[in-house]
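Everything below concerns the one structure shown next.
Below, each value reflects all heavy atoms present in this structure, side chains not excepted, and no hydrogens, waters or symmetry copies. So you know, we letter chains A, B, ... as the sequences are listed, proteins then strands, and number each from 1.
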Number of protein chains: 2
Amino acid sequence: MKRIAIDMDGVLADVYAQFSRWHEAETGEKIAPVVTNGLKEFEAYPNARNYVFTDGFFRSTPLIEGCLQVVEDLNKQYEVFIVSAAMEFSQSLSEKKAWLDEHFPFLSWKQIVFCGSKQIVSADIMIDDHFKNLDFFQGRKILFSQPHNIFTHREDVERVHNWLDVRTKLL
Amino acid sequence: MKRIAIDMDGVLADVYAQFSRWHEAETGEKIAPVVTNGLKEFEAYPNARNYVFTDGFFRSTPLIEGCLQVVEDLNKQYEVFIVSAAMEFSQSLSEKKAWLDEHFPFLSWKQIVFCGSKQIVSADIMIDDHFKNLDFFQGRKILFSQPHNIFTHREDVERVHNWLDVRTKLL
């Protein structure tokens, strides 16, 4: 059974949508998603770095459309691990665990990995929205489209735009 | 630079000593360390399973003698990762992170991994007190002596009795 490492933020958790909600709640300004294309989270949302260190940010992040059913189906055919570089934001650890327990009850705690660097991860397939995580990975690299990576094209990674694309590629 | 994965409980954190303290505080009974030889934590200390789900247990666990200086020296010659199967005890995640931050300030958050199964870990050397974690590991397997593993001898793992042994082997 092939092992697949699935990222959380930007792959399962819609952090741009969450930043947008928190930015609007704080400033009253609504930032259209298209405006964020090509921008990192911290460029698109000036107070993003405060938000990620605030209790509740990760716990209440919405799901990326379509991920639930595809991950549940992947879980029947692959050895699924959810791998999140959560260690930078200590307070997010318990929030991310609770978020996964709520939304992905079919996953076991044995399938969850919170790390800093993903260089230590051994798997056959990695789905991630950051080149920096895919760069050190030896297996099949699948880049999940997010505004920050949308204008960068690279031959050595496969791009998916959404979870329907993941289903088409892997199921 | 070789990568080394170092376990927390039973390797850096003296969980038997902590169980012993909590058991004595609860029952008044002092259990001599020698009595626990050959016994798993949950066999030696009847209420151990309650303790590990109680706030503060992991945060206040004492260090295993000699680990600090050896880990600091290893960190200069190896790519060190601290890898703890912490995910079963959700409340322990932030406590373990705070414990590492307090005692090992020379380690970066990038060097910490909290997981369920350690099968996903890729490294050259693993130091762990559980055969179940070493069994799936492809690299050099170093078993750290703890009461629960003390009577099991296996050819495919190297045993260390303390951190002086680790220093002798690796530095």
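Taking a 4.5 Å side-chain heavy-atom cut-off between Ile, Leu, Val, Met, Phe, Trp and Tyr, the cluster of B/Leu39 contains only that residue.
At least one test fails for B/Lys2 against the ring of B/Tyr78: distance under 6.0 Å to the centre or angle within 45° of the axis.
Between chain A and the options B/Leu93, B/Ile120, B/Val83, heavy-atom pairs under 4.5 Å are most frequent for B/Ile120. Top candidate by heavy-atom pairs under 4.5 Å with chain A, chosen from B/Glu79, B/Lys110, B/Gln91, B/Lys118, is B/Lys110.
Counted within 6.0 Å of NZ on A/Lys76, heavy atoms from surrounding residues, nucleotides or ligands total more than 12; the atom is thus considered enclosed.
Using a 4.5 Å cut-off between heavy atoms, A/Gln119 contacts chain B through both its backbone and its side chain. Both the backbone and the side chain of A/Glu88 come within contact range of chain B, with heavy atoms under 4.5 Å apart.
A donor and an acceptor atom, one from each side chain of B/Ser117 and A/Gln111, are nowhere located under 3.5 Å apart.
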